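Please read the structure below before turning to the comments.
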Amino acid sequence: MSKKKKSREKTLSSTALSPEQETKLSSLLADYKDTDPRQIVKEIPSPFIAKVFIEKLPPEGSDLVQLILAVMDTFPQKEVQKAARKLLFKLKTKGIEVPDIKKGDVQTPIIKPIAQENPEALLGSFDPAGTRGVMVALPRFPKGFDVGIGVISERQGILEFFYGTYSKKGFKEMKKALLESDDMIMVKTSLAHAATAIEKAYAVNQDSGTEAARAYAEFRSTLLNNTDLLERSPVYELISEAEIDTNLVTQSNLDKLFAHPLMKLLIINHEKLSDLMDEISALDDSPIYLTEEQKSVRREEIQQKWLANNMTFEERQTLRYRLEEMAYILWNKEDQELARIAVVAAKEIVGEKNIVLDYLFTRTLSLALGEPQDTEGDTEEDAGSLIINP
């Protein structure tokens, strides 16, 4: 019996490694810092490799304690336990807190579950140019976050993007600053929602070679490996399509909707809008005398022609997307009544002729031309600032 025991201890104490064992040990030592301890332990093929692995670990960092405990849980063999206790002692002498494990103890389990952080995301409302802010944060093992922040547009693409690694505290401070910013309104959302918005923008300028597009391309696999994309707006998880009442789309309800501070910034920002402004302004400079009634008729003809030529189905789909996204933000800002109106408006605006498109078009022209608004609460805007070429 003693001979068998001696032989077993001798085997565990041996330092000779086969080429395959050397390869496995090198792989374990290269990966342990960025991998869950439980996964590392699953990849250790034998008590012998477990012992050598423990002996090769540098006695640095409090994160190492969880890994050592995981190895001790899995391999109760004397030589493995001895090497593990020795390494724990070295960590303790460096001021790192370690559990009190007595010689011969085998506790099941002695590894504490590692607290898992959840992914987080923020999305902003649209500015007059149709751009918005976005932030995504992915937990890193064993701590910290991979964070990506950008400015995006479903028409112009990714305009700004940068990413980096943040501590939990650093990320918390940055998130707080974004949520409290006066420059943009952002709300919490799902990682899938934010990723879908970024991908929609990326599809526009992924081949442009811009610095922002390249930066997102580097971060992209990290993001997409952690989530799936959505097939429709998440606002329909809050407001079912069965609840949509088209009777909500009235002049008074649209007045109420677009009087909201966030909705005032949602306008038609078509690239040819400035041409329309020039044509309307030219009516006053025409060498042919026109009465006010004739000017009004002529202006209506110009506007309807522009609408027919430029507000294509694709353009109306863009407006629908923005209205759905704003409905989601309004709901999260605890304005559910306006969110419901925005959802109905989104559904209606895709039609060729509809009250929502007419309303938004008239509102955009009035703001751009500096004309007074009937909507209660509107303020005067500089016309030039609202004619934005994407």
Side-chain angles (χ1 to χ4, degrees), residues 126-131 153-157 200-201 203-204 232-233 244 246-255 257-258 263-327 341-375 378 381 383-390:
F126 294 97
D127 67 9
T131 65
S153 165
E154 78 282 356
R155 289 190 60 179
Q156 302 172 61
K200 191 176 183 69
V204 176
R232 65 174 187 168
S233 171
I244 295 176
T246 55
N247 292 323
L248 283 175
V249 177
T250 63
Q251 179 75 28
S252 61
N253 276 345
L254 291 175
D255 284 343
L257 174 64
F258 287 99
M263 297 302 294
K264 286 180 181 181
L265 300 180
L266 198 154
I267 60 171
I268 295 173
N269 57 343
H270 194 283
E271 59 186 358
K272 293 184 179 180
L273 190 61
S274 57
D275 295 339
L276 175 61
M277 299 298 101
D278 291 341
E279 196 170 355
I280 291 174
S281 298
L283 287 175
D284 291 328
D285 302 326
S286 173
I288 303 174
Y289 174 77
L290 297 174
T291 65
E292 289 303 316
E293 183 179 354
Q294 289 172 324
K295 286 181 182 179
S296 179
V297 171
R298 179 60 183 147
R299 172 171 167 167
E300 181 64 23
E301 291 174 352
I302 292 171
Q303 291 176 184
Q304 291 304 316
K305 181 180 179 181
W306 189 92
L307 275 172
N309 291 338
N310 295 286
M311 294 311 295
T312 62
F313 179 73
E314 290 74 17
E315 292 290 336
R316 298 195 300 276
Q317 285 283 58
T318 294
L319 293 173
R320 174 178 184 168
Y321 172 74
R322 293 182 184 177
L323 284 167
E324 288 173 339
E325 292 293 283
M326 289 306 300
I341 297 172
V343 165
V344 181
K347 181 177 181 180
E348 292 294 296
I349 203 167
V350 292
E352 287 190 14
K353 290 185 178 294
N354 62 83
I355 183 177
V356 183
L357 181 60
D358 287 344
Y359 185 96
L360 193 54
F361 179 65
T362 301
R363 177 182 174 80
T364 300
L365 290 186
S366 297
L367 289 170
L369 292 169
E371 297 174 344
Q373 293 290 296
D374 294 330
T375 302
D378 275 345
E381 303 281 353
S385 67
L386 291 174
I387 303 177
I388 299 168
N389 295 326

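Keep in mind the model is a prediction, meaning the values are calculated, not measured.
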Indicate the atoms forming the closest heavy-atom contact of Ala327 with Ala342, along with that distance.
CB-CB, 3.7 Å
Separation between CE of Met263 and CZ of Phe126, rounded to the nearest 0.5 Å:
10.0 Å
Criterion side-chain contact (heavy atoms from CB on, under 4.5 Å) on Thr318 and Glu314, from CA distance to verdict:
CA-CA 6 Å; Thr318 294; Glu314 290 74 17; 5.8 Å; no
Kindly indicate whether the side chain of Asp255, heavy atoms from C-beta on, has any atom under 4.5 Å from the side chain of Gln251.
yes
What is the minimum heavy-atom distance between Leu254 and Ala345, and which atoms define it?
CD2-CB, 4.5 Å
Go through the structure and list residues passing side chain to side chain donor-acceptor pair (under 3.5 Å) with Glu300, not counting sequence neighbours.
Gln304
Over all atoms of both residues, closest heavy-atom pair of Phe258 and Leu323
CZ-CD2, 4.3 Å
Residues which pass side chain to side chain donor-acceptor pair (under 3.5 Å) with Asn247, listed by chain and number, not counting sequence neighbours
Asp245
Side chains of Arg298 and Gln294: do they bring a donor and an acceptor to under 3.5 Å?
no
What is the distance from atom CG of Leu276 to atom CD of Gln303, rounded to the nearest 0.5 Å?
6.5 Å
Arg322 with Glu154: basic N within carboxylate O range, under 4.0 Å:
yes
Closest non-hydrogen atoms of Leu360 and Leu319, given as atom of the first, atom of the second and distance, are CD2-CD2, 4.0 Å
Do you know which two heavy atoms are closest between Thr131 and Ser153, and how far apart they sit?
CG2-CB, 3.9 Å
How far does CG of Leu307 sit from NZ of Lys353, to the nearest 0.5 angstrom?
8.0 Å
Within this structure, what is the OG1-CD1 distance for the pair Thr250 and Ile341, rounded to the nearest 0.5 Å?
7.0 Å
Residues that Phe361 engages under ring-ring contact (aromatic ring centres under 6.0 Å, His included), provided they are two or more places apart:
Trp306
Rounding to 0.5 Å, atoms CG (Leu357) and OG1 (Thr362) come to a distance of 9.0 Å
Does a side-chain N-to-carboxylate-O contact under 4.0 Å join Arg155 and Glu315?
yes
For the backbone of Ile280 and the side chain of Arg299, can you confirm whether one donor and one acceptor N or O come within less than 3.5 Å of each other?
no
Check this for me: Glu293, atom CD, are more than 12 non-hydrogen atoms of other residues, nucleotides or ligands nearer than 6.0 Å?
no
Please determine whether a side-chain nitrogen of the Lys or Arg among Arg320 and Glu324 lies less than 4.0 Å from a carboxylate oxygen of the Asp or Glu.
yes
Kindly compute the distance separating CD1 (Ile267) from OG (Ser366), expressed to the nearest 0.5 Å.
12.0 Å
Taking the side chain as C-beta and beyond, is there a heavy-atom pair between Lys347 and Val343 under 4.5 Å?
no
Heavy-atom distance under 4.5 Å between the side chains of Leu365 and Met277, does that happen here?
yes
